[in-house]
Engineer: 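Handing you this structure, nothing more for now.
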Amino acid sequence: MSYDFLIFKLKKPIRSHMDLSEETTTVIGNGEEIKEKISALLPSTQWRLSNSNWWGTYQGEDTWYEFSVKNRETNCFSIHTSFRTNTRNAIKEICDALGLSLIHI
């Protein structure tokens, strides 16, 4: 079982997750660019390409992380972590460094 997050970049403020759309979000980059940005922050991340999706795994000090990034230009990607941990520090680090927002899904 995992604890899942949708990561995106806002182009204007929203009031709730119901406001998420192509009008309120903007392109983060293509899959290769997103993969490179995450790898720059978390160099031990291991990646594989499968079915037009980049899958990354990272073992943090607090929990494991799995990234799912479409291999095309995209407005969002997802991060899955263990539901058994109290912290998920890499998520805040990624969002802060890349200027991204998130919702728990």
Side-chain angles (χ1 to χ4, degrees):
M1 187 151 235
S2 64
Y3 201 79
D4 306 329
F5 298 89
L6 182 66
I7 311 297
F8 51 89
K9 188 168 192 169
L10 291 173
K11 66 171 129 172
K12 62 183 184 179
I14 61 171
R15 290 184 298 245
S16 78
H17 70 281
M18 300 295 289
D19 293 335
L20 289 174
S21 69
E22 288 192 14
E23 288 76 37
T24 60
T25 61
T26 190
V27 171
I28 299 170
N30 66 45
E32 188 70 34
E33 292 167 339
I34 296 167
K35 179 178 81 86
E36 288 175 11
K37 289 175 184 178
I38 292 171
S39 291
L41 291 169
L42 310 170
S44 64
T45 304
Q46 300 294 310
W47 294 94
R48 67 181 170 79
L49 183 61
S50 177
N51 297 324
S52 298
N53 228 26
W54 282 107
W55 294 92
T57 55
Y58 169 72
Q59 182 59 54
E61 291 181 13
D62 53 357
T63 189
W64 54 264
Y65 297 82
E66 181 181 68
F67 306 98
S68 177
V69 181
K70 293 178 180 132
N71 192 30
R72 61 175 171 78
E73 192 171 77
T74 186
N75 288 22
C76 64
F77 64 93
S78 62
I79 302 175
H80 313 282
T81 68
S82 173
F83 72 96
R84 293 186 173 147
T85 187
N86 292 325
T87 62
R88 294 164 181 88
N89 296 329
I91 293 176
K92 181 173 178 10
E93 183 179 346
I94 291 166
C95 289
D96 289 350
L98 304 180
L100 304 174
S101 300
L102 64 89
I103 59 169
H104 173 252
I105 51 176

Engineer: State the CG-CD1 distance between Asp19 and Ile14, to the nearest 0.5 angstrom.
Structural biologist: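 Asp19 CG to Ile14 CD1: 6.0 Å, rounded to 0.5 Å.
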Engineer: Does some side-chain heavy atom of Ile38 sit less than 4.5 Å from a side-chain heavy atom of Tyr58?
Structural biologist: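 Side chain of Tyr58 against side chain of Ile38, heavy atoms only: no contact under 4.5 Å found.
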Engineer: For residues 26-41, which residue pairs pass the salt bridge (charged side-chain N to carboxylate O under 4.0 Å, His left out) check, not counting sequence neighbours?
Structural biologist: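 Qualifying pairs: Glu32-Lys35.
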Engineer: Without swapping roles, check the side chain of Ser21 against the backbone of Glu23 for a donor-acceptor pair under 3.5 Å.
Structural biologist: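 Confirmed, Ser21 side chain pairs with Glu23 backbone.
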Engineer: Output a table of donor-acceptor pairs, distance under 3.5 Å, between side-chain atoms of residues 88-97 and any protein atom two or more places apart or on a different chain; print 'none' if there are none.
Structural biologist:
{"unit_1": "Arg88", "atom_1": "NE", "unit_2": "Thr81", "atom_2": "OG1", "d": "2.8"}
{"unit_1": "Arg88", "atom_1": "NH2", "unit_2": "Ser82", "atom_2": "O", "d": "2.9"}
{"unit_1": "Arg88", "atom_1": "NH2", "unit_2": "Thr85", "atom_2": "O", "d": "3.3"}
{"unit_1": "Lys92", "atom_1": "NZ", "unit_2": "Asp96", "atom_2": "OD2", "d": "2.6"}

Engineer: Going through the checks in order, is the side-chain contact (heavy atoms from CB on, under 4.5 Å) test met by Arg72 and Asn30?
Structural biologist: CA-CA 5 Å; Arg72 61 175 171 78; Asn30 66 45; 5.9 Å; no
Engineer: What distance separates Gln46 CD from Ser39 OG, expressed to the nearest 0.5 Å?
Structural biologist: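 Output value for this atom pair is 8.5 Å.
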Engineer: Is there a side-chain contact between Trp55 and Ser68 in this structure, where contact means two heavy atoms from C-beta onward sitting under 4.5 Å apart?
Structural biologist: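 The answer is yes; the side chains approach within 4.5 Å.
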Engineer: Can you name the closest pair of heavy atoms from Lys11 and Thr26 and give their distance?
Structural biologist: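 Shortest heavy-atom separation between Lys11 and Thr26 comes out as CB-CB, 4.1 Å.
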Engineer: With the 4.5 Å side-chain cut-off for hydrophobic clustering, are Leu100 and Phe67 part of the same group?
Structural biologist: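 Yes; tracing contacts between hydrophobic side chains, which count when under 4.5 Å, links both residues.
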Engineer: Please determine whether residues Leu49 and Ile79 belong to a single hydrophobic cluster, defined as Ile, Leu, Val, Met, Phe, Trp and Tyr linked transitively by side-chain heavy-atom distances below 4.5 Å.
Structural biologist: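 Yes: a chain of side-chain contacts under 4.5 Å links Leu49 to Ile79.
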Engineer: For a 4.5 angstrom cut-off between non-hydrogen side-chain atoms, does Leu20 reach Leu10?
Structural biologist: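 Of all side-chain heavy-atom pairs linking Leu10 with Leu20, at least one is under 4.5 Å.
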Engineer: Taking everything shown except His17 itself, do over 12 heavy atoms lie less than 6.0 Å from its NE2?
Structural biologist: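 Atom NE2 in His17 is not packed in, count stays at 12 or less.
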Engineer: Out of curiosity, Ser78 OG to Glu66 CD, how far, rounded to the nearest 0.5 Å?
Structural biologist: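 Interatomic distance, Ser78 OG to Glu66 CD, rounded to 0.5 Å: 8.0 Å.
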Engineer: For the atom pair CZ (Phe83) and OG1 (Thr63), what is the distance rounded to the nearest 0.5 Å?
Structural biologist: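 Phe83 atom CZ to Thr63 atom OG1 measures 10.5 Å (nearest 0.5 Å).
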Engineer: Would the distance check show the side chain of Asn71 and the main-chain N or O of Asn53 forming a donor-acceptor pair, the cut-off being under 3.5 Å?
Structural biologist: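 Not confirmed, Asn71 side chain does not pair with Asn53 backbone.
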Engineer: Between Ile105 and Met18, is there shared hydrophobic-cluster membership here, with clusters defined by ILVMFWY side-chain heavy atoms closer than 4.5 Å?
Structural biologist: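 Different hydrophobic clusters.
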Engineer: Are Trp47 and Phe77 grouped together when hydrophobic residues (ILVMFWY) are joined by side-chain heavy atoms under 4.5 angstrom apart?
Structural biologist: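 Result: yes, single cluster for both.
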Engineer: Look at the side-chain heavy atoms of Ile, Leu, Val, Met, Phe, Trp and Tyr, link any pair under 4.5 Å apart, and say whether Val27 and Leu102 land in one connected group.
Structural biologist: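 Looking at the clustering, Leu102 is in a separate group from Val27.
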Engineer: How many angstroms lie between atom CG of Leu6 and atom OG1 of Thr25, to the nearest 0.5 angstrom?
Structural biologist: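 The distance works out to 9.0 Å.
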Engineer: Is there a side-chain contact between Asn75 and Phe8 in this structure, where contact means two heavy atoms from C-beta onward sitting under 4.5 Å apart?
Structural biologist: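 Heavy-atom side-chain distance check fails, nothing below 4.5 Å.
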Engineer: Can you find a pair of side-chain heavy atoms, one from His80 and one from Trp64, that are under 4.5 Å apart?
Structural biologist: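 Counting from C-beta outward, His80 and Trp64 do come under 4.5 Å.
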Engineer: Could you state the interatomic distance from OG1 (Thr45) to CD (Gln59), rounded to the nearest 0.5 Å?
Structural biologist: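 Between Thr45 OG1 and Gln59 CD, I get 11.0 Å after rounding to 0.5 Å.
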